[in-house]
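Below: one structure, written as structure tokens.
Keep in mind it's a predicted model, so treat the numbers as computed, not measured. Just so you know, ligand 1 is whichever comes first in the structure, and atom 1 is the first atom listed for that ligand.
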Amino acid sequence: MAYERIELSRDAIAAQEEIARRLRAHFTAQGKTPLAMVDTYGCQQNESDSERLRGYLAEMGFGFTDDEFAADVIVINTCAVREHAEMRVLGNVGALNHTKKARPDQIIAICGCMVQQPHMAQKLKKSYPIVSLVFGPHELWRFPELLERYITRKKRVFAVDPSDGTITEGEPRVRDGKPKAWLSVMYGCNNFCSYCIVPYVRGRERSRRPETIVAEARSLVEQGYKDITLLGQNVNSYGKDLDCGTDFSDLLRMVNDIPGEFVLRFMTSHPKDATEKLFRTMAECEKCEHHLHLPVQAGNDRVLKEMNRQYTAQQYLDKIALARKYIPDLVLTTDIIVGFPGETNEEFEDTLRLVEQVEYDAMFTFIYSPREGTRAAALPDPLTRAEKQVNFDRLLALANRISAEKHAGYVGKTVEVLIDGESRDEANPLTGRTKNGRLVHLAGEKALIGSFVRVKITGSTTWALFGEIER
Ligand code: SAH
Ligand code: SF4
Ligand code: F3S
């Protein structure tokens with residue numbers, strides 16, 4: 001695929017920061033701190049992008065709020081992966097009519113994957129006049145410039161031109177997940193699975209340079225982050241567009257070798273590119289979690305072929321067996337689509353069989369959602385929604401039974417847990433993750449957030465473990 005790698009210069013970002021400083025004078029002119037609300041949908045990549053939005057907003061002098069009436073600027077960072085995600089966004093944008101009426105000076109911006117689709121940008125233009133600013137993922141790096149353009153010209157701004165994407169470094173960023181940090185290693189996707197919109201809205205695969213990633217990871221560790229997740233739509237393609245010979249396994253080892261106490265995670269791996277070298281590296285790197293999220297999508301070879309996944313069910317199972325040989329305590333999770341166009345009930349049975357064979361620790365299951373412009377959207381789709389729902393419910397019941405059994409297997413054991421946040425459960429106000437990514441609820445002081453503790457597991461459900469800190 002012809003793609004020209006474009007790395008934006010530091011000067012380009014510096015120019016945006018200069019605009020942000022100008023806007024700071026504008027927004028703080030009334031002497032009070034302006035407030036922004038950033039609402040994020042979709043995957044971790046979008047969470048990471050929202051940190052960039054907050055970084056720029058902070059440079060413009062903004063504080064942050066969750067109250068849409070209090071916000072001077074609202075930015076909604078959207079997802080396009082399924083219709084449900086888009087409906088939620090449109091519903092919430094519609095609801096902002098109230099806040100906009102109460103305070104006409106409010107600036108509403110919609111960005112992210114949904115608006116990168118031409119029909120959605122059109123829809124916002126025609127039917128949502130309260131929205132002042134619309135920009136796709138490729139334009140996020142120049143958010144200050146777009147905002148200034150709207151403020152000075154008082155005309156709605158739409159920045160959604162098609163693009164293969166660029167690489168930007170050195171943008172400001174406000175992280176809010178301490179002790180957890182997202183670290184993008186690559187952007188875009190070249191796989192074009194036939195159901196998926198991501199390659200259309202996120203552009204071509206492009207990798208950040210390893211030395212830049214390692215420097216950022218080192219800085220995160222120095223700042224006290226304890227849980228670093230390397231992000232990409234398909235991390236196993238990392239480095240293919242670089243000339244330095246570093247692949248994802250090499251990168252994993254480079255980050256693992258940074259001194260300090262932290263857990264190293266990564267998402268997502270495409271099965272076709274998951275290699276023996278990756279499994280060996282995961283086993284050898286002591287900070288790397290023993291968890292692999294390896295989306296299978298379906299268990300039937302004809303369906304997998306139609307999906308353009310580029311592996312058979314058997315090839316997938318062989319990879320799992322190999323991974324488990326290197327990492328016997330490997331936690332496996334997956335994504336599955338039910339009701340891909342033309343998938344028969346018999347073909348769906350193959351998915352159930354594969355799930356029983358693998359015994360995933362957790363599964364993310366979705367009913368197929370047609371995405372405009374993708375190849376699958378044009379395929380005949382004879383099963384009704386109700387028939388798909390029956391299959392979906394069967395899969396979910398199976399997934400839940402296996403997860404519950406796997407979780408029950410932890411009860412009585414003592415595991416190492418990173419305490420990473422709070423929950424609303426009064427009896428167990430802290431949350432944490434085991435080194436292989438299992439959610440744990442437990443009691444203890446808030447001051448423990450960010451520390452590793454040994455936890456005796458005392459109970460379990462389908463979704464989580466419960467435990468007590470050993471002292
Ligand atoms: N890059 C990741 C997945 C990104 S999307 C990967 O390839 O693993 C996350 C999940 O959403 C996918 O794994 C798939 O299961 C699901 N998904 C994507 N497009 C979908 C669609 N059109 N309908 C239903 N589910 C979809
Ligand atoms: Fe979508 Fe497939 Fe790319 Fe994942 S690998 S983002 S499912 S096209
Ligand atoms: Fe959604 Fe875009 Fe992520 S479509 S899943 S937010 S890459």
Side-chain angles (χ1 to χ4, degrees), residues 1 39-50 53 76-89 110-117 120 136-138 140 165 182 184-206 230-238 266-274 292-299 303-304 306-311 316 332-341 343 351 355 360 362-379 381 385 388 391-392 395 399:
M1 212 163 303
D39 198 8
T40 312
Y41 295 77
C43 63
Q44 292 88 346
Q45 188 59 61
N46 256 20
E47 296 287 346
S48 172
D49 282 349
S50 285
L53 290 165
I76 304 188
N77 190 7
T78 63
C79 171
V81 83
R82 283 171 292 274
E83 189 186 14
H84 178 69
E86 296 188 329
M87 287 303 150
R88 274 178 56 214
V89 167
I110 315 286
C111 65
C113 296
M114 186 181 95
V115 306
Q116 189 63 40
Q117 306 169 98
M120 275 298 174
H138 305 303
L140 199 155
W182 308 121
S184 292
V185 303
M186 61 184 300
Y187 310 100
C189 180
N190 287 354
N191 287 320
F192 288 93
C193 301
S194 63
Y195 50 81
C196 185
I197 197 69
V198 172
Y200 299 88
V201 294
R202 284 277 174 181
R204 300 288 61 77
E205 275 175 9
R206 48 212 192 273
L230 307 184
L231 288 183
Q233 290 301 342
N234 173 19
V235 290
N236 298 332
S237 293
Y238 176 81
F266 59 93
M267 294 221 16
T268 297
S269 303
H270 192 302
K272 79 174 160 61
D273 303 315
L292 196 56
H293 182 64
L294 204 61
V296 68
Q297 312 298 359
V303 175
L304 285 169
E306 284 293 311
M307 287 178 160
N308 191 29
R309 288 293 287 181
Q310 300 172 58
Y311 52 83
Y316 180 90
L332 266 167
T333 58
T334 201
D335 295 345
I336 290 186
I337 297 177
V338 176
F340 181 81
E343 181 184 60
T351 297
V355 167
Y360 292 102
M363 289 170 45
F364 301 88
T365 50
F366 311 101
I367 290 190
Y368 168 75
S369 168
R371 304 286 71 209
E372 196 168 313
T374 60
R375 201 153 58 72
L379 294 174
D381 193 2
R385 171 80 196 196
K388 292 183 181 186
N391 288 342
F392 180 84
L395 180 63

Query - Residue, atom name and distance, where the atom is the protein heavy atom closest to atom 22 (N) of ligand 1 - result: S369 O, 2.8 Å

Query raised in the report: Shortest non-hydrogen contact from P295 to H293?
Result: CD-O, 3.4 Å

**Report entry** Residue-ligand contact H270/ligand 1, heavy atom below 4.0 Å
**Finding:** no

Requested in this report: Compute both the distance and the angle, then confirm whether R82 meets the cation-pi test with F366: under 6.0 Å from the six-membered ring centre, within 45 degrees of the axis.
Outcome: yes

Report summary line: of all protein heavy atoms, closest to atom 7 (S) of ligand 2 is Y195 OH, 3.4 Å

Query - Per-atom contacts of ligand 2 with C189, taking only distances under 4.0 Å to non-hydrogen atoms - result: 3 (Fe), 5 (S), 6 (S), 8 (S)

Query raised in the report: Which ligand 2 atoms, with their elements, are less than 4.0 angstrom from a heavy-atom of C196?
Result: 1 (Fe), 6 (S), 7 (S), 8 (S)

Query - Any N46 heavy atom less than 4.0 Å to ligand 3 - result: yes

Query raised in the report: Mind checking whether Q297 has an N or O less than 3.5 Å away from an N or O of ligand 1?
Result: yes

Report task. Please could you name the atoms of ligand 2 that P199 approaches to less than 4.0 Å, counting only its heavy atoms? Result -> 8 (S)

Report task. Identify, for atom 7 (O) of ligand 1, the protein heavy atom at the shortest distance, and state residue, atom and that distance. Result -> R309 NH1, 3.9 Å

Query raised in the report: Can you list the atoms of ligand 2 that are under 4.0 Å from a heavy atom of R309?
Result: 2 (Fe), 7 (S)

Query raised in the report: Considering only protein heavy atoms, which is closest to atom 16 (C) of ligand 1, and at what distance to one decimal place?
Result: R82 NH1, 3.2 Å

Query raised in the report: Is the backbone N or O of R375 less than 3.5 Å from a side-chain atom of S194, with the two atoms forming a donor-acceptor pair by type?
Result: no

**Report entry** Ligand-residue contact atoms, ligand 2 with H270, heavy atoms, under 4.0 Å
**Finding:** 5 (S)

**Report entry** Heteroatom distance test (Y195, ligand 1): nitrogen or oxygen, under 3.5 angstrom
**Finding:** yes

Query raised in the report: Is the closest heavy atom of M114 to ligand 3 under 4.0 Å?
Result: no

Query raised in the report: Which ligand 2 atoms does Q233 reach within 4.0 Å, using its non-hydrogen atoms?
Result: 6 (S)

Query raised in the report: Should Q45 be listed as contacting ligand 3, given a heavy-atom distance under 4.0 Å as the test?
Result: no

Report task. Return the residue, atom name and 0.1 Å-rounded distance of the protein heavy atom closest to atom 3 (C) of ligand 1. Result -> Q233 OE1, 4.1 Å

Requested in this report: Confirm or rule out an N/O/S atom of C193, from backbone or side chain, lying less than 2.8 Å from atom 1 (Fe) of ligand 2.
Outcome: no

Report summary line: For V198, the atoms of ligand 2 under 4.0 Å from one of its heavy atoms are 6 (S)

Requested in this report: Provide the closest heavy-atom pair for V201 versus C113 in the form atom of the first, atom of the second, distance.
Outcome: CG1-O, 3.4 Å

Query - atom 9 (C) of ligand 1 - nearest protein heavy atom and its distance - result: D335 OD2, 3.7 Å

Report summary line: Heavy-atom nearest pair, R204 first then P199, reads NH2-O, 3.0 Å

Report summary line: Counting from 1 in the order shown, the ligand 2 atoms closer than 4.0 Å to a non-hydrogen atom of F192 are 8 (S)

Query - Option nearest atom 1 (Fe) of ligand 3 (shortest heavy-atom distance, choices G42, C79, C196) - result: C79

